[in-house]
Amino acid sequence: MIRSGTVDIAFWMFSAGSVVAAWLVFRTDSMVRAAYWLLASFAGVGALMVLLNARFLGLVLVLMMAGEMTIMAVFMVMFMMNPAGLNPMTMVHQHRTAKIAGVFAFAGLALVGLVADFPDRPADARRDPTSDLGRELLGDSMLVFETAGVTLLATMIGAIAIASKRGRYGDAEQGSAPPALEEKPPEPAGMEH
Amino acid sequence: MRWSSPLGAVVLVAGVLSAGAYVVAVLDVALGRLTAAGHLRLRHALRQPLDETALLLLTRPSRTERPDAQAWALAPALLGAMAAAAVATVPLGRGIAVADVADGIVLFGAAMAMVMVAVYLHGWSANSPMPLLGGYRFIALALSYEMPLALVLIAAALPAESLSVGAIVASQHDLWNVVRQPLGLPLYLIAGAGLAFWGPLDTADGPDLAGGTTAEVSGPSRVAWELARRFVLVAVAVMGAAVFLGGWQGPMLPGPAWMALKTLVLLAGLVWMAHRVARVRLERFVVVAWTVLIPLALVDVFVSGAIAL
Amino acid sequence: MTLQALLVVGAALFGIGVYGALSQQTFVMIMMGLELMLNGAMLAAVAFWAMSSGGAPKGQLLTVIIMTVMAVEAAIGFALIIGIYRIRKADMTEKLKRLRA
Amino acid sequence: MGLRRALARLAAAAEAPVFPVIGAGGRSVAGEIALLGGVRVVDSPRAANVLLVVGGITPGLLAPLLQVHDQLPTPRATVWWPGEPVEHQDLRTVLGEVVVARPGDGDTLRGVFAELVGGGRLSDPPALPDDEPAEWRGVGPYGQGGTGMTGGVPYGRPLAKRSPDPDGLELDQLPLRIGPMFPPLPPGLILDIALQGDVIREVAVGDNPFLGHPDGPAPAGLDTALFLEAARRPQPVATIELARARHHLRWAAGTLRLHGLASESLRVLRLARALRPEHALEVETLARRLRGRRSLSWATRGVGVVTPAQVGFGPVARAAGVAVDARLDDPAYDGIGFSPVVNDGGDARARLRQRLAEAAQALDLANRAGARVRQPGPALEGPRGPLSAGEALPSAALVDLLPRLLVGQEWGDAMTTVASLDLDLEEAAAGARAGAPA
C-alpha cells in the first residue's frame, strides 16, 4: 500500500483518464482519434506504472505505443474506404453481446480483485527497480529475455513473409478468391449497427 | 529556489526553451542574411523574430473546412510539452535540474517518440491535403530517426552505467563522450534535427508542400507551432550538450555558462546545416537511415559496450 | 492508491477491451480491443509486483513479456491485415464469412 | 489596448509576408519580389498578410485568385502590379480594396502593410461567400453516417476510388487539384492528381488559364519577350546572352528555394538582378559551388529523367547529352568559339548543372561577342529552346510531357521534376496560337 496525498490524486487522475480514454476509443468516429485515445489510455497506464515505481517500464510503454499507435492510425486511414482519411466514420456490430461480455469481464475481474486476499508486501522503495530489472534480464532470466528477443525476430520475419507481395510460390494473390467487394452488390441500408 | 518545485521547474524549463528558441530565430535570420547578402545586420537579426511574432499575434487564426479543431489545437501544445519534459531531465549545472530522474534518458526517448504523434496530429487534423501529406512524410521518416537516436543514447549511457542524465554528465568528467564515442554526436544530431523537422530534414513542412503541416495555420496558432518546433530543437541541443559534450563541466566558467555555451554551439551547427544543406529526398534518406545510420548506431553501441566492459 | 483500486482499474480496461474486440468490424479496431485487454493485464501485473510481491524483479519481467506479446500481436496483426486485404480485398470481419481460400 | 498597440508597433517593423500571384505578363517581375527590402515571400497564403497580384488576371485565373484571396488571414490587403498594358480584367472591379502600383514598386507595398498593421487601413473583406460547397447530407459532424455504413456522400465529395498501389494492394486514391497558384509549380499550371500516400498515380494537366480568351497572351508579356523580339529585329548578341544568363540564374534561384536553400536562392537572385558581362567569373564560381553541393545532387539525381527521344531541343535535350542548339547554325555566333554545353543523364541534376553552365557560358559569349549584332532570320535559341516565327514555343511541348514523367513519383520528386523543366504556361499558351511570335 502506497499512501500520500499527491500520489493519490495522481492515481485517481491517471486511472480515470486511462479508463475514459479507453472508452472513447470505441465511441469516437474518427480513425486517428481512436488510435490516439488508445495511446492516451496507454500513457495513463504508463503514468500509473511510474507512480508504482516501475519507471522504466512505464516510460518504455509510452515510447513503444507512440510509434505503434501512429502506425495504427495510418493503417486505419489506409484500409478504410475514405478519401485518405479526410472523412471519418463509425461502424459497430453485435453491440449488445459485446456490451454484456465486456461488463461480465469487468465484473468478474473486479470481483476477484476486491474479494481475493492478496498479500500486502509493497516493494522496497529504496531499491532501484530499473537496475533490478536489468540484473534480472541479464542474470537469472536471461533465457526468458533471449527467448523474447528471438520471438520478436521471428515475428518480424514472419510478418514480412505474410505481408509481402511475392510469396515463395509466386505472387500472394495467386489462386485467391475473387475480391469480396465485387462478389456481391453492396448491401442496402440496415447493416447491423 | 528549489528547481524541482513547481515554480522553479516552470521558470527553468520555460526560460531555457524560450531563450533557446529566440537564439535559434536570431541565428536563423543572421545566417540567412549572411548567406543571401554576404553581410549581417545584428540589430535587424535581434529584432526580426520579435517583430514577426508580434505580427502573427495580431493576425487572426485561419479556419479550414471541418478540421478536427481540438486535435489541431492540441498538437502544438503536445509538441511543446514533450520538449519541456525532455529539457526537465537535463542538469544545467551542478544540482540545477528539474527532474534528473533515474531513467532520464528513457524519458527523453519517450518524449521524442511522442513528437511523432504531435506532428502527425497537426498534419492530419487540418483536414487539408498538404498538411496531411506532411504528416505522412514525418511518420515515414520518424521511425528511421527513433532507432539511431535510441541507440546512440544507450551507447552514451553505457560508460555511466546509469540511465540518469546527471550520471551520464558525471561520467564524462575525464573524457567527453564526443571523443569517446565519435559516432554518437553526428548520428544524434541527424536524428534530432529530423525530430524537430529542421533544415535538410524538413520534409514535413517543406516548400514543396507549400508549408506542409503549417500550410493551413496562421496567426497565433502558427506562432505556437513554430515555437514548439524550435523548442524540440532546443531540447535536442540541450540534451546533446549534456550527453556528448560533458554537460555543465568545464574549467573556470560556472556550470550553467558552460552548458549554455555548448548548447549554443550545437544550435549554431544545426542552423548552419539548415542554410547549407539541401532538403533530403524522402526515399533516399530512408534507405540511408536503415542501411547506414542504424548499422552505424549499432556499431556505436557494440564498441561502447565493449569499452565499458 | 491501493492494490484493489489498481485491480479495478485494470479490470475496467480489460472489460472495455473485451467490448471493443467483440463489437468492432474493422480489423484494426479489433486489434485495439486486444491491446486494451493487454493494457489492463499489464497494469494488474505491475500492481501485483509493486504491492504484493515485495518488488520481486520477476514481476517486472512479466510486464516485459506482456509488452513483447503486444509487439508480436501488433506486428502479426498488421501483417495478417495486409495479407487478407491483398487476397480478399476485405478490411472488415463481415466480409470474411467464408474463410476458405 | 496598450498591449495591442505595442504589438502593432513591433509588427509594423516586421518584414511584410507576401504571397505573390503571378498573372499574365508577370513572370519578368516575379524574380524581383523576393529582393524587395522589408518583404518576405511565403509559401502559403495562410502565412501572408499581403496578396501581391502581378500582371493581368485572365478569366481562367480569376476564380482561383478569389479563393486564394480569401485564404489569407485577416488583416489582409491586396496590392496589384498590373502588367503593361492593362489588358485583362480590372482587379478593382472584383476585389474592392486593391492598391494599384507600378510593377516592382516595393515602397507602396511596404506602406500598405504598415498601414494595415497600424490600423489605418481596414482588412480586405472576403471576396466569396462563406458557403458550404455541397448540400449537407450526412448525420455525423464530418458528414459520415446517414443510411448504411457510408450513408450520405460525405460533404458532397465522392468516395475515393481504389486502384492497385505498387505493392499490389488495392488502396484508395486521393483526388487532388493543385494550381494554378501553387507556389512550387510554375504560375498557371493546374494538375489534377490522384495520390496514394504521397505517390502520384495519375496526372492530368488542367486547362491552361492563359488560353481561351480572344487574343491570347501578348508575346510582349512573356519572360522570354526579349528573345522573341530578337527573333524579329536585330539585337546585339551580348544583350541576348546576358538575358539568357539572367533567365537561367533566376530559374536556379527558384530551384534552390524549392530544395530548402532559401537564403542561397536570394543570393543567386541578387546576382541575377545586377548581372553584367563582367560577372562571368562569379557565375562560374557559383556553378562550380552548386555542382559540388552533395546534398543538392543527392536530392536531384535520377529524378525526372527525360530522354532525347522525348524532348529534342533546348537545355532539356542538352542535359540528356544531345548537342542541339540553334546557335550552331546562327551566323551571329560564328567565330566566337561557341560550342554547346552538354551534360548526361537527362535528370533534374543534369538540368541544374546544364543551366548553370549555360549561364556561365552565356556571360562568356557576351564578353567575346563585343558589339556583334544578330540579324533576324534563322531560329533563335531561347532559354528554353529554339524560337522561330510560326512554330510552337518550347514550353508547350514540355507541358505535354508532364503526365508521363510524373506518374509513379513521390510528391517531392514530382515537384523537383516540374521545376527542373522550367515551364512557362503563358509561353505554352502563346505558342498554341498559330504564328504567335510573328
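All heavy atoms count here, side chains included; hydrogens, waters and symmetry mates do not.
A donor-acceptor contact shorter than 3.5 Å links the side chain of Gln60(C) to the backbone of Pro129(A).
Of the listed residues Ala16(A), Ala110(A), Ala159(A), the one with more heavy-atom pairs under 4.5 angstrom with chain C than any other is Ala159(A). When the candidates Leu48(A), Val45(A), Asp132(A) are compared by the number of heavy-atom contacts under 4.5 Å with chain C, Val45(A) comes out ahead. In terms of heavy-atom pairs under 4.5 angstrom with chain A, the leader among Val8(C), Val64(C), Val69(C) is Val8(C). In terms of heavy-atom pairs under 4.5 Å with chain A, the best-connected choice from Ser52(C), Ala56(C), Gly17(C) is Ser52(C). With respect to chain C, the highest number of heavy-atom pairs below 4.5 Å among Val144(A), Leu137(A), Thr97(A) belongs to Val144(A). Each of Thr63(C), Leu36(C), Leu80(C), Ile76(C) has some count of heavy-atom pairs under 4.5 Å with chain A, and the biggest count is that of Leu36(C). Across Ala154(A), Gly58(A), Ala54(A), Gly158(A), the residue that shares the most heavy-atom pairs under 4.5 angstrom with chain C is Ala54(A). By number of non-hydrogen pairs under 4.5 angstrom with chain C, the leading residue of Arg135(A), Met65(A), Met69(A) is Met65(A). With chain C as the partner, the residue from Ala148(A), Ala10(A), Ala107(A), Gly46(A) showing the most heavy-atom pairs under 4.5 Å is Ala148(A).
Closest of all the heavy-atom pairs between Ile162(A) and Ala79(C) is CG2-O, 3.5 Å. Here the closest non-hydrogen pair linking Leu52(A) and Ala50(C) is O-CB, 3.7 Å. Counting all heavy atoms, side chain and backbone alike, Met64(A) lies closest to Met67(C) at CE-O, 3.6 Å. The minimum heavy-atom distance linking Met42(C) with Phe42(A) is given by the pair CE-CE2, 4.4 Å. Across all non-hydrogen atoms, the minimal contact from Ala98(A) to Leu22(C) is CB-CB, 3.6 Å. Summarising the geometry of Gly113(A) relative to Gln4(C), their closest heavy-atom pair is O-CG, 3.6 Å, with the distance given to 0.1 Å.
With a 4.5 angstrom heavy-atom cutoff, Ile65(C) touches chain A only via side-chain atoms. In this structure, the portions of Met72(A) lying under 4.5 Å from any heavy atom of chain C include both its backbone and its side chain. Residue Leu111(A) does not touch chain C at all, counting heavy-atom pairs closer than 4.5 Å. When heavy atoms are compared at a cutoff of 4.5 Å, Met31(C) approaches chain A by way of both its backbone and its side chain. Looking at Ala5(C), the atoms closer than 4.5 Å to chain A (heavy atoms on both sides) sit in the backbone and in the side chain alike. With a 4.5 angstrom heavy-atom cutoff, Leu133(A) touches chain C via backbone and side-chain atoms both. Using a 4.5 Å cut-off between heavy atoms, Ala35(A) contacts chain C through both its backbone and its side chain. Using a 4.5 Å cut-off between heavy atoms, Met156(A) makes no contact with chain C at all. Neither the backbone nor the side chain of Thr147(A) comes within contact range of chain C; no heavy atom of the residue lies under 4.5 Å from a heavy atom of that chain.
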Exercise for review: Start with the C-alpha distance between Phe104(A) and Val18(C), add both sets of side-chain angles, then the distance that settles side chain to side chain contact (heavy atoms under 4.5 Å, CB included), and finish with yes or no.
Suggested key: CA-CA 9 Å; Phe104(A) 265 102; Val18(C) 169; over 6 Å; no
Point to revise | Test log, rule side chain to side chain contact (heavy atoms under 4.5 Å, CB included), inputs Leu114(A) and Leu7(C) | key: CA-CA 8 Å; Leu114(A) 290 174; Leu7(C) 290 179; over 6 Å; no
Point to revise | side chain to side chain contact (heavy atoms under 4.5 Å, CB included) evaluation trace for Phe11(A) with Leu6(C) | key: CA-CA 9 Å; Phe11(A) 163 72; Leu6(C) 282 163; 3.4 Å; yes
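Ring geometry for Phe26(A) versus Tyr19(C): interplanar angle over 60°, hence perpendicular rather than tilted (30 to 60°).
To the nearest 0.5 Å, the span separating CZ on Phe78(C) from CD on Glu68(A) amounts to 6.0 Å. Considering CG of Leu39(A) and CE of Met32(C), their distance stands at 10.0 Å, rounded to 0.5 Å. In this structure, OG1 in Thr68(C) is found 8.5 Å from CZ in Phe145(A), a value given to the nearest 0.5 Å. Interatomic distance, CG of Leu43(C) versus OG of Ser15(A), reported as 8.5 Å (0.5 Å rounding).
Residue Trp37(A) qualifies as open at atom CH2: its count of foreign heavy atoms under 6.0 Å is 12 or below.
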